[in-house]
Each structure stands twice: as C-alpha cells, then as structure tokens.
Amino acid sequence: MFGEQIEINGKKYALKFNINTLCQMTADGINVMAMNETAMDFSMIRALFFYGLQKFHRNEIHDVEVAGDLISDYIDNGGDFEAFANILTQALMKSLGIKEQTGEQKQGK
C-alpha cells in the first residue's frame, strides 16, 4: 500500500516509510519518534522525501541530491512548497499508523 503520491514532471512518485526505512533513518541520525521536536528545515524536508521514495523508487533516487532536484522541479513547475511538505508529513504519519486529526480533534472536542 502506498502512503501518499506526488506528481513531478508528469511522473507519480509513491511515498512510503516502511519499518526498514524508519530504521535506516534512525541509523542515519533522524529520530522519527521526535519529529515534532525537530526543526523542519530544507535539509530535513529533502531527507524525508529521499527516505520516503526508497521503498518504491530506490533504483532511480539513489541520493538526497536527486531527491532535492525533484523538489526543485516540483516548485519550478508551479508546485507549492507547503503543499509538498504536507503530502510528505501525511505519508510519514500514515506509515507510523497515526490517523489524521479532524478539525474537531485538533481543537480538543
């Protein structure tokens, strides 16, 4: 099952953070369990995108620079960076089994 998909340059990319990917992220110094405490800068967004692509696109996205080029292409073609980050966040949340909160849940109702 795909986590989320994003289209860049006419191609759909599936984002999925499986257990192996999450373990590799931890080994590489990204503590997924403390993401809410981590600053989401460009380097982190690029790294998350790279890792999210590894399940289904490992052979074509072999390093973070290729992932960064795809993000640039997305933005250059009119994509919104905030929307991109939201898709990435949703993919990570789904992979961790975290359900998206509705507006009422976010407000504590």
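Distance check: Leu48 CG to Met25 CE gives 5.0 Å after rounding to the nearest 0.5 Å. How far CZ of Phe17 is from CE of Met93: 12.5 Å, rounded to the nearest 0.5 Å. Note that CD of Gln90 and CG of Leu15 are 11.5 Å apart. Values are rounded to the nearest 0.5 Å. Taken from CG in Leu92 to CG in Leu22, the straight-line distance is 7.0 Å, to the nearest 0.5 Å. Atom CD of Glu82 sits about 6.0 Å away from atom CG of Asp80, to the nearest 0.5 Å. Rounded to the nearest 0.5 Å, atoms CG (Asn77) and CD1 (Ile8) are 9.0 Å apart.
When all heavy atoms of Ala85 and Ile45 are compared, the pair lying nearest together is CB-CD1, 4.1 Å. Nearest heavy atom pair, residue Glu7 against residue Tyr74, reads O-CD1, 3.8 Å.
Without hydrogens or angle criteria, Asp63 side chain to Val66 main chain gives a donor-acceptor distance under 3.5 Å. With hydrogens and angles disregarded, no donor-acceptor distance shorter than 3.5 Å links the side chain of Gln54 to the backbone of Asn59. Side-chain N or O atoms of Asn9 include none that pairs as donor or acceptor with a backbone N or O of Lys11 at under 3.5 Å. Put simply, the side chain of His57 gets close to the backbone of Ala14: a donor and an acceptor are under 3.5 Å apart.
Less than 6.0 angstrom separates the ring centroid of Phe42 from the ring centroid of Phe81. With ring centers used as reference points, Tyr13 lies 6.0 Å or more from Phe49.
Counting heavy atoms from C-beta outward, Leu88 and Glu4 have side chains that stay 4.5 Å or more apart. With contacts defined as side-chain heavy-atom distances shorter than 4.5 Å, the pair Arg46/Ile71 qualifies.
Using modelled atom types, one finds no donor on one side chain facing an acceptor on the other under 3.5 Å when comparing Thr89 with Asn86. A donor-acceptor contact under 3.5 angstrom links the side chains of Tyr51 and Asp28, judged on distance only.
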Mind running side-chain hydrogen bond (donor to acceptor under 3.5 Å, both in side chains) on Asn18 and Thr21 for me, showing each step along the way?
-> CA-CA 5 Å; Asn18 67 9; Thr21 301; 2.8 Å; yes
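The cluster map of Ile, Leu, Val, Met, Phe, Trp and Tyr, joined by side-chain heavy atoms under 4.5 Å apart, puts Ile30 and Ile19 in the same cluster.
The number of heavy atoms from other shown groups lying within 6.0 Å of CD (Gln24) is above 12.
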